Amino acid sequence: MSVAPDHIEIPELALSVVIPIYNEEGNVERLYAELTAALEAIGRDYEVIAINDGSEDGSYRLLNALQRRDERWHIIHFRRNFGQTAALAAGFDAARGEIVVTIDADLQNDPGDIAPILEKFDEGYDIVSGWRQERKESLFLRRIPSMMANRLISRSTGIKLHDYGCTLKAYSFDVVKGVKLYGELHRFIPALASQMGVRVAEAPVKDRARRWGSSKYGVGRTFKVILDLIVVVFVLSYFNRPLYVFGTAGFLVGGVGALLGAYLTVFKLLTENKIGDRPLLQLAAMLMVLGVQFISTGIVADMIMRTYHESQHKPIYYIRERRRSEPVEEAPELERV
Ligand code: UDP
Ligand code: MG
């Protein structure tokens, strides 16, 4: 009899490093060299999972060559470009390490910073986020929007981080297996995971200029990040029971409609006036219908959440650690002479 349900996975090695790669042919070799040096110095058993996110350049060939050279490297080639979040999600699905570190392929993150991040992690955190204290990128296009985004995300999610956008982060196995990503949500993992009751810390890391090639993003990303933030705030506060949001709105709107209707009814009964041509009557009727609509939308959304949780085996609790005594080995029968 198995103790754990099939959907519970268990880490098989110490460390997984997940790297999203889109058209980075000029960085791959150097990345391999720097990363291997850094990881071997750390001395834990590791795997690297490189996700080729539909690159159109030589990354495909270079990554395959690396994989043949080093069996600790695993490559996942996407059919087309699905985006950095999807690439990270694929890496998380494949990861087998107790700690999962994400890092950019362009060497803007320094692989040498993985060691201090792990040190912080070992103090007992579930997520350690890199914090680029001295950014190298342009002030107006990158640093100011990113500072504002970090403030906004920190305030609205309650998880205060200086640098949500830094890819260099470490997560526990349970965190990466527990969050479901889509859109541009990868930067919100610490916020999403706060639902699980995780302990989050920051560690300062270096920011370097891109070595080769150019950034894959423009200013348009800012809008996506803000739209994602709205979803995240909704998810964090009302994900389990959308009925509470819609239902409250429904009661408010419908209640105002009912009050107006009652007023008109009393008015008609007490005075001889007609109310059939009053705009207020239309408003009252509309608000009451709207209230019913809100509540029924809420019920439907609630049912959807129910199937969502059940079909995905979404737990309603998260475990920090398990402790139990090892089963006592049966003493082998002593051979009698
Ligand atoms: N990346 C990806 N898919 C994309 C865009 C980017 O896998 O659609 C990878 C990219 O190769 C890099 C990382 O995500 O390793 C960060 O991208 P980039 O350096 O362009 O972002 P920036 O550092 O400018 O924020
Ligand atoms: Mg970059």
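Note that the structure is predicted; figures quoted are calculated from it, not measured. Remember, it's 1-based here, ligands and their atoms both numbered in the order they're listed.
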Check your understanding: Any idea which part of Asn81 is under 4.0 Å from ligand 1, heavy-atom wise: side chain, backbone, both or neither?
Key -> side chain
Review point. Tell me: protein heavy atom nearest atom 9 (C) of ligand 1, and distance?
Key: Pro20 O, 3.6 Å
Practice item. Kindly identify the option in Glu24, Arg221, Arg210 whose heavy atom sits closest to atom 25 (O) of ligand 1. Key: Arg221
**Study point:** Nearest neighbour in protein (non-hydrogen) for atom 17 (O) of ligand 1
**Key:** Tyr217 CE1, 3.8 Å
Check your understanding: What is the number of protein N/O/S atoms located under 2.8 Å from the Mg ion (ligand 2)?
Key -> 2
**Study point:** Test: Glu24 and Lys216 ion pair at under 4.0 Å
**Key:** yes
Check your understanding: Does one side chain, of Tyr217 or Gln84, offer a donor that lies under 3.5 Å from an acceptor on the other?
Key -> yes
Exercise for review: Please say whether Ser214 places an N or O atom under 3.5 Å from an N or O atom belonging to ligand 1.
Suggested key: no
Revision key, fill the gap. The option among His186, Lys216, Arg187, Arg142 carrying the non-hydrogen atom nearest to atom 20 (O) of ligand 1 is Lys216
**Study point:** Check: Phe121 and Tyr171 side chains under 4.5 Å, non-hydrogen atoms
**Key:** no
**Study point:** Side chains of Met147 and Ile144 in contact at under 4.5 Å (non-hydrogen atoms)
**Key:** no
**Study point:** ligand 1-proximal atoms of Ile21, by part, heavy-atom distance under 4.0 Å
**Key:** backbone
**Study point:** side chain to side chain contact (heavy atoms under 4.5 Å, CB included) between His77 and Ile75, worked out
**Key:** CA-CA 6 Å; His77 294 290; Ile75 318 290; 3.6 Å; yes
Point to revise | Exercise: do Asp53 and Asn81 side chains pair donor with acceptor under 3.5 Å | key: yes
Check your understanding: Without hydrogens or angle criteria, can the side chains of Ser16 and Glu47 be said to hold a donor-acceptor pair below 3.5 Å?
Key -> yes
Practice item. For Arg143, look at atom CZ and say whether over 12 heavy atoms of other residues, nucleotides or ligands are found less than 6.0 Å away. Key: yes
Practice item. Within a distance under 4.0 Å of any heavy atom of Ala105, pick out the atoms of ligand 1 and give their elements. Key: 15 (O)
Review point. In ligand 1, which numbered atoms sit nearer than 4.0 Å to a non-hydrogen atom of Gln108?
Key: 19 (O), 23 (O)
Point to revise | Min side-chain heavy-atom separation Ser154-Tyr164 under 4.5 Å | key: yes
Point to revise | Per-atom contacts, ligand 1 versus Asp106 - under 4.0 Å to a heavy atom | key: 19 (O), 23 (O)
Review point. Is the shortest distance from a Lys or Arg side-chain nitrogen in Asp207 or Lys136 to a carboxylate oxygen in the other one below 4.0 Å?
Key: no
